[in-house]
2 protein chains.
Amino acid sequence: MSRYQASGYWYGEGRSVPEAVDLLNLMRKYREAERKMRAATRGSMGMNETDMSALRFLLAAHRKGLVPRQRDFAEELGISNASVSVLIDRLCRDGYAERIVHPADRRSVGIVPTDYSDTDVRGTLHRMHERMMDAVCTLSEAERVAVAKFLKAMIRSVEIEDEPSQPSRGKSQMAESTASSR
Amino acid sequence: MSRYQASGYWYGEGRSVPEAVDLLNLMRKYREAERKMRAATRGSMGMNETDMSALRFLLAAHRKGLVPRQRDFAEELGISNASVSVLIDRLCRDGYAERIVHPADRRSVGIVPTDYSDTDVRGTLHRMHERMMDAVCTLSEAERVAVAKFLKAMIRSVEIEDEPSQPSRGKSQMAESTASSR
DNA sequence: AGAATATCTTTAGACAAGCTAACTATTAGA
DNA sequence: TCTAATAGTTAGCTTGTCTAAAGATATTCT
């Protein structure tokens, strides 16, 4: 393979301008690199794939001031409520999350991340995110427009035969941490 | 959320030129869409995540005229040889692959895809790939350069603390299908 | 208020897929 | 030839998922 050379990339036959297929290859390469990185992070935290996803989801929700319920995890992760219950057990056991009484519905259990989990995850993922930001910030306006066009086309390509139409998910509601008891 | 509108995308405050953070959001959105698509394909084929990856790897290798051994799957997928053995059992049982005597080393088993698996997988994934190609082909040269620059930056961002250096994998060798059908 | 109903979570039992370790068969080397 | 290394298989265990049923708390209706 090695189309990579210390001084930069080259595409077949010494071209330095990428063709369509080269972009798709780069896309694949990115995906692979990201997968590895996530696997490494996961490994270093001794976590499994879905637990990691769950934790990311939890932190994201928390930053928006939301308190997700177990049900929300089930929907987000595509696993059963029963499995979520056990998953949250693991997260709590390892000190990443805590169960609290849900502010808006006392039948539910609200899940909040611990401070520890926040710093721990940020330690690995946040640095990467910042590098990405830095990198993207060096792009000119025209370049950003081109990239957006590309990404939108990619999204359309994979979504097309996904579902005919599914505006979907009208019932997350997680209750906005304040006692917005409806 | 809904920054999406029938006529196109808009980024916060009615901007129509994406900023850095918007690109990262698009990237995330793409990843999510692709994940869903793969999950759907997998579901419709009644397959497991790793089995699916294995099949993709097998088809890719086969197209290059290579005959991978089980060992190669283990390395590619990051699972143990024992697990690969069972994985290949499943692939054979379901008619996606066949074991053949490896042309160069009778300790090894060569794995080849069946015609069935090729058409089956192409039916779902190949159409998507073509849509991607079509989409990317509409980009101008300048746009392609911008996209490549972006993707390379992204790859660098996720690879940086991955491994200090790993040119790696010098021993795949898979034996070039000595009857070398290509 | 109190019973019926609905919603959310937990527990129990079964299954799938991964791992390590031990075993067989083949190849390479001293 | 005898020994070491390599490829794959099998056995036993662990983990994470699922479904079904039970437990706990709210909400609704009379």
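Just so it is clear: chains get the letters A, B, ... in the order the sequence lines come, proteins before strands, and each one is counted from 1.
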Taking M37(B)'s backbone N and O only, do any of them form a donor-acceptor pair with T41(B)'s side chain (distance below 3.5 Å, no angle check)?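 Checking the backbone N and O of M37(B) against the side chain of T41(B), a donor-acceptor pair under 3.5 Å is found.
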So what does [X] touch, heavy atoms closer than 4.0 Å: a base, only the sugar-phosphate, or nothing?
{"X": "S108(A)", "answer": "sugar-phosphate"}
{"X": "S83(A)", "answer": "base"}
{"X": "G110(B)", "answer": "nothing"}

Specify the separation, in whole Å, of atom [atom1] of [X] and atom [atom2] of [N].
{"X": "D89(A)", "N": "dT10(C)", "atom1": "CG", "atom2": "P", "answer": "7 Å"}
{"X": "L77(A)", "N": "dC18(D)", "atom1": "CG", "atom2": "P", "answer": "10 Å"}
{"X": "I111(B)", "N": "dT9(D)", "atom1": "CD1", "atom2": "C1'", "answer": "13 Å"}
{"X": "R99(B)", "N": "dA7(D)", "atom1": "CZ", "atom2": "P", "answer": "16 Å"}
{"X": "I79(A)", "N": "dT19(D)", "atom1": "CD1", "atom2": "C1'", "answer": "14 Å"}
{"X": "R71(A)", "N": "dT9(C)", "atom1": "CZ", "atom2": "P", "answer": "8 Å"}
{"X": "N81(A)", "N": "dT19(D)", "atom1": "CG", "atom2": "C1'", "answer": "12 Å"}
{"X": "R69(B)", "N": "dT9(D)", "atom1": "CZ", "atom2": "P", "answer": "13 Å"}

Which of these nucleotides, [options], is closest to any side-chain atom of [X]?
{"X": "R107(A)", "options": "dG18(C), dT9(D), dT7(C)", "result": "dT7(C)"}
{"X": "Q70(B)", "options": "dT9(D), dT10(C), dC19(C)", "result": "dT9(D)"}
{"X": "D105(B)", "options": "dT27(C), dT19(D), dT9(D)", "result": "dT27(C)"}
{"X": "R90(B)", "options": "dG18(C), dT17(D), dT9(C)", "result": "dG18(C)"}

Determine, using the 4.5 Å side-chain heavy-atom cutoff (strictly less than), whether M154(B) and L24(A) are members of one ILVMFWY cluster. yes
Electrostatic pair K149(B):E143(A) at N-O distance under 4.0 angstrom: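 E143(A) and K149(B): salt-bridged.
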Tell me which of N48(A) and A82(A) sits closer to the 5' end of DNA chain D, going by the nucleotide each one is nearest to.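 The answer here is N48(A).
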Does a side-chain N or O of [X] approach OP1 or OP2 of [N] to a distance below 4.0 Å, or not?
{"X": "S85(B)", "N": "dT10(D)", "answer": "no"}
{"X": "S80(B)", "N": "dG18(C)", "answer": "no"}
{"X": "T50(B)", "N": "dA17(C)", "answer": "no"}

Minimum heavy-atom separation for L77(A) and T50(A), please, with both atom names.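 Heavy atoms only, the tightest pair is CD1-O, 4.2 Å.
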With distance as the sole criterion, do the side chain of R106(B) and the base of dT26(C) form a donor-acceptor contact below 3.5 Å?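 By the distance-only test, no, there is no pair.
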Parallel, tilted or perpendicular for Y116(B) and Y96(B), by the 30°/60° rule? parallel
